[in-house]
Number of protein chains: 2
Amino acid sequence: MAGTKDKIVSMADRLVRTKGFNAFSYKDISAPLDIKNAAVHYHFPAKADLGIEVVAHEIALFTSNTGKWAHLPEDEQLSRLFDIFRRYNSEGNICLMGSLATDFETLAPDMQAKVQEMGSIILQWLTNCLEQGRKNKRLHFKGDADARALMIISNLQSSLLLSRVMGPSAFHRIADQLLEDICQK
Amino acid sequence: MAGTKDKIVSMADRLVRTKGFNAFSYKDISAPLDIKNAAVHYHFPAKADLGIEVVAHEIALFTSNTGKWAHLPEDEQLSRLFDIFRRYNSEGNICLMGSLATDFETLAPDMQAKVQEMGSIILQWLTNCLEQGRKNKRLHFKGDADARALMIISNLQSSLLLSRVMGPSAFHRIADQLLEDICQK
DNA sequence: AAAGATACTTACTTAGTAGTAAGTAAGCAA
DNA sequence: TTGCTTACTTACTACTAAGTAAGTATCTTT
């Protein structure tokens, strides 16, 4: 039996990705879970506490996933990352970074720090993956690996946003071209 | 004498780019302009009316700019587009599309339509610019011009978001790599 | 000078928001 | 059995949001 606390975090995650952090309220969480507003405050006194938990959960998930892929060739690892975003897209979700970066200036300092931590972790992993992949001749790109990592993350993030406005095919067209650019050459 | 209405739109534009559409209130506009809340409602009865005007203003600006560049070679036109984003970055602003795409699901239908219109106009221009540029051998890229246009817009948009979280150098590293990829080869 | 439009202000309503203080029911621990 | 903890609910405060109705000062037109 998944506890109330987990359900709240899961609900908040979904809401951040669909409506944005500033656009959802505790009522949006409490009503569907059939609990009271104050029950959410019991587990997460301030909204920032809930936001931090959502980000922490995402960091844990990312770390767990990339850990499982560690034995795979780099192009395959990259492909798994793309699959995650592909699923976000089909579910109408945007990525946490994309959503929270927009509202970044309005977030509490400790939540800002957590978002930055998430960014660093993702970028570090991707930079390493690209670097190793180029060494093993499985990936091909010009310039610094960390600049290229920034570009890829930026593209994945934003393609989900554009998909929402221009239709979901936008994501696939960007992702396919991106993979083609870097895997074959 | 710039009228109050223009000042309101300009203020709203800045607020959308810094805080997001859902995170600012009419008070954030009326207080700095030293007018009353209701004065903003006089010009823009509903918040969506103001949002639509902000987007319309951006469309007009974009059309005016690209019109002025029409005589330039395509790589130069592209470079001008990048300059605009470079200025956004140095001012700590994100682009309208990036900001409004995050909040897209929470926007009124007529405002959603206006955002989509803006997206179409920008993409159409960029696709055309890329296509012509490749024909004239001034730009070099693989695949469809409209997929590439999506990628570039997506990268520019999201690099501003990432800059906010990971530091402003993120934008420059992405933009420089992007231009290098497409101009020389 | 009179009538009307323009651009507001004053003063308000309605409907939310995050957050809290105090109480309670159920389970466990000594 | 008494006391403590967990996980809430009830009932609220303080505040902020968008939006409105009615009044006013200042131009503009006739």
Return yes if a side-chain donor-acceptor contact under 3.5 Å exists between [X] and [Y], otherwise no.
X       : Y       : result
S158(A) : Q157(B) : yes
S30(A)  : N37(A)  : no
Q177(B) : D181(B) : yes

Item to check | Cation-pi geometry met for K19(B) and F104(A) (6.0 Å, 45°) | outcome: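 So K19(B) doesn't make the cation-pi contact.
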
Give a yes/no answer on whether the side chain of [X] brings an N or O atom under 4.0 Å of OP1 or OP2 in [N].
X      : N       : value
Y26(B) : dA18(D) : no
H43(B) : dC8(C)  : yes
T4(A)  : dC8(D)  : yes
K36(A) : dC8(D)  : no

Checklist entry - What nucleic acid atoms does F24(B) come within less than 4.0 Å of, heavy atoms only: base, sugar-phosphate, or nothing? => result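 Contact class for F24(B): sugar-phosphate only.
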
For the pair made of [atom1] in [X] and [atom2] in [N], what is the distance, rounded to whole Å?
X      : N       : atom1 : atom2 : answer
I35(A) : dT9(D)  : CD1   : C1'   : 11 Å
L50(B) : dG19(D) : CG    : P     : 10 Å
K47(A) : dT17(C) : NZ    : P     : 9 Å
F21(A) : dT17(C) : CZ    : P     : 14 Å

